[in-house]
Amino acid sequence: MDVSASEGRLSSGAKAFIARRHKLLIDGHWVDARSGRTFAVFDPSNGQQIAEVAEGGAEDVNRAVGAARRAFEGGPWAKMKPVERGKMVWRLGDILEAHADELAELESLDNGKPVRDARTVDLPFGCELLRYMGGWSTKICGQQIPISAPGEWHAYSIREPVGVVGQIIPWNFPLLMAVWKIAPALAAGCTIVLKPAEQTPLTAIRLGELIVEAGFPPGVVNIITGDGTAGAALAAHPDVDKVAFTGSTEVGKLIVQAAAGNLKKVSLELGGKSPAIVFPDADLSVAIPGTASGIFFNMGQCCTAGSRLFVHERVFDKVMTGLAGEAARLKIGPGLDPETRIGPLVSDEQLRRVTGYLESGRQQGAEVVTGGKRHGNSGYFVEPTIITRTTPEMKIVREEIFGPVVCAIRYNDNDLDRIAREGNNTEYGLAASIWTRDLGIAHKLARKLKAGSVWINVHNFNDVALPFGGYKQSGWGREMGYEAIELYTETKAVAALL
Ligand code: NAP
Ligand code: MG
């Protein structure tokens, strides 16, 4: 397989991986799809094909769920002591770290993101997350519960793994999203069928190879590459106990409907239209680069991107000038170039979607401060873009663009309730950031914002221990921290009359 114009930048490990045949991981074996079908994977920096991957369908999902069920009900995984399970999850973190350079290259090649970001953000976070979740294996406890009914009782609760889980993930952080999903599920003792996004299947496949290397028994983690058909089959499967989904709100609603058949448990991490609110007293030397990174990091393809920037009129012009300067400094280029700060969007479809929003903004009368169009004519690059003179009804203000595009909105209010109402004026509720030196104001406003994460003087801040998830149409449930373990366990109450 030709590795496109990017080949020269790949290490030998990454090249060797690309050259392999890419199959499905079912029951510890790499197998072709039953249909024999494959799909092409593209380098978004130039649109060239880089690999072909097995296209799993409903039959393959069925086989994978069967393997996961057998691994859950019997065999070494079901009998493994928590400390052994924890060590295995930790070990996977170590193995990932040992392959971090190669994985960062593959991620950059497949997704387009700057290899520097993959190496300094996605990979370290993934390794740390595996170790953090591995640590929980030995600490998943029930309680002894006092009973008020007449008689003498011994009652307690047990937290048990929920069972076979289907995990469906998007393309914006392909490897990190995979780890984000599997780490707590494995720590809790579940077995998994993972469905990566069709745009970016490569690092999940490489992760599957490393999972086998780490010694996980067959069937504990199964990986089905394919499109939404495979995802839909997994969400609807009657022998899946829980489905965990990260992706668009639109598909999230389909997941909920599909899950209704057997009422499997559902957790959802969905879209966002997160506000970043800059107060006039903010330290602009922090707020300007912070809000710039809040929208431009990962080319804006972050569910938590600070895409609605509210700036007080006293500092509005200064912030616009500073932000435009930040945008101008970001070097646009192929992700594998270590100097690149803005890579291509993930796909032609996303390029069309984002430029479509830019066009709609223009038509509805918004003004472009900087950027506003495609960069170059090969690859899927879009300039970092700042838009002003918007109205709350415009599509670009209401809908998730998922690109490097921020709507800057001037405000002149000092009433926190009104500011919060504007910030909350969205169907989403994933994140928000507040930029001020007045921590009293910051904490008061934090309580008023309807968002799963509120950040003060920082944006896009995640930590393995911080619960993460959405209010409103941004999702159900919280990942990270102990709450992620709770997502993958059921509580059983045992009561004995003595
Ligand atoms: P998407 O279109 O919703 O796809 C997400 C995953 O669902 C992909 O693996 C996709 O498969 C699969 N899928 C598609 N149709 C399906 C169906 N009917 N049933 C089951 N699975 C189906 O989202 P995306 O465009 O890849 O990702 C961008 C979105 O993800 C944004 O809205 C973003 O906000 C959200 N996101 C949220 C978070 C969070 O934590 N809240 C994090 C990252 C991203 P194929 O792609 O292979 O068709
Ligand atoms: Mg790709």
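Atoms within a ligand are numbered from 1 in the order they appear, just like the ligands themselves.
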Lys/Arg-Asp/Glu bridge criterion (N-O < 4.0 Å) met for R206, E102: yes
Between T246 and ligand 1, find which residue part has any heavy-atom pair under 4.0 Å and reply side chain, backbone, both or neither. both
Do NZ/NE/NH1/NH2 and the carboxylate oxygens of R478 and E483 come within less than 4.0 Å? no
Ligand 1 contact by Q199, heavy-atom criterion under 4.0 angstrom: yes
Tell me, please, whether Y488 has K242 positioned over its six-membered ring: NZ or CZ under 6.0 Å from the ring centre and within 45 degrees of its axis? yes
Atom 3 (O) of ligand 1: nearest protein contact (heavy atom, Å): S248 OG, 2.6 Å
Considering only non-hydrogen protein atoms, determine which one is nearest to atom 41 (N) of ligand 1 and report residue, atom name and distance to 0.1 Å. L270 O, 2.7 Å
Under the criterion side chain to side chain contact (heavy atoms under 4.5 Å, CB included), I'd like the reasoning laid out for V397 against T426: C-alpha separation, chi angles, the key distance, then a yes or no. CA-CA 9 Å; V397 175; T426 163; over 6 Å; no
Report the part of F402 (side chain from C-beta onward, or backbone N, CA, C, O) that has a heavy atom under 4.0 Å from ligand 1; answer both or neither where that applies. side chain
Q350, any N or O under 3.5 Å of ligand 1 N or O: no
Just need the protein heavy atom nearest to atom 24 (P) of ligand 1, so name the residue and atom and give the distance. W171 NE1, 3.3 Å
In this structure, atom 14 (C) of ligand 1 is nearest to the protein heavy atom G228 CA, 3.7 Å
Is a salt bridge present between R374 and E383, judged by a nitrogen-to-oxygen distance below 4.0 Å? no
Side chain to side chain donor-acceptor pair (under 3.5 Å), that's the test. Do T203 and E107 meet it? Break it down for me. CA-CA 6 Å; T203 46; E107 197 73 317; 2.7 Å; yes
Please state which part of E479 comes within less than 4.0 Å of ligand 1, counting heavy atoms only: side chain, backbone, both or neither. neither
Any F468 heavy atom less than 4.0 Å from ligand 1: yes
Structural part of I255 in contact with ligand 1, heavy atom criterion under 4.0 angstrom: side chain
Please find the pair of heavy atoms, one from L96 and one from G126, that lie closest to each other, and give the distance. CD2-C, 4.2 Å
Could you check, using the six-membered ring where one of them is a Trp, whether F173 and W180 have ring centers closer than 6.0 angstrom? no
Name the closest protein heavy atom to atom 22 (C) of ligand 1, giving the residue it belongs to and the distance to 0.1 Å. V251 CG1, 3.5 Å
With a 4.0 Å cut-off on N to O distance, would you call D27 and R70 a salt bridge? yes
Top protein contact for atom 34 (O) of ligand 1, by heavy-atom distance: E400 OE2, 2.6 Å
For atom 10 (C) of ligand 1, which protein heavy atom lies nearest, and how many Å away is it? K195 NZ, 3.8 Å
For ligand 1, note which part of A232 has a heavy atom under 4.0 Å away: side chain, backbone, both or neither. both
May I ask you to check whether F297 and H459 place their ring centers less than 6.0 Å from one another? no
Taking NZ, NE, NH1 and NH2 as the nitrogens, is one of them in E486 or R159 under 4.0 Å from a carboxylate oxygen of the other? yes
May I ask you to check whether F402 and W171 place their ring centers less than 6.0 Å from one another? yes
For atom 40 (O) of ligand 1, grab the closest protein heavy atom and report residue, atom and distance to one decimal in Å. E269 CB, 3.1 Å
For I169, which part has a heavy atom under 4.0 Å from ligand 1: side chain, backbone, both, or neither? backbone
Sub-4.0 Å heavy-atom approach of G252 to ligand 1: no
Using a strict cut-off of 4.0 Å, indicate which atoms of ligand 1 neighbour a heavy atom of P170. 26 (O), 27 (O), 43 (C), 44 (C)
Run the salt-bridge test on R308 and E422 with the 4.0 Å N-O cut-off and return the result as yes or no. no
Judged by non-hydrogen atoms, does P196 sit under 4.0 Å from ligand 1? yes
Are any of the N/O atoms on L254, whether in the backbone or the side chain, positioned under 3.5 angstrom from an N/O atom of ligand 1? no
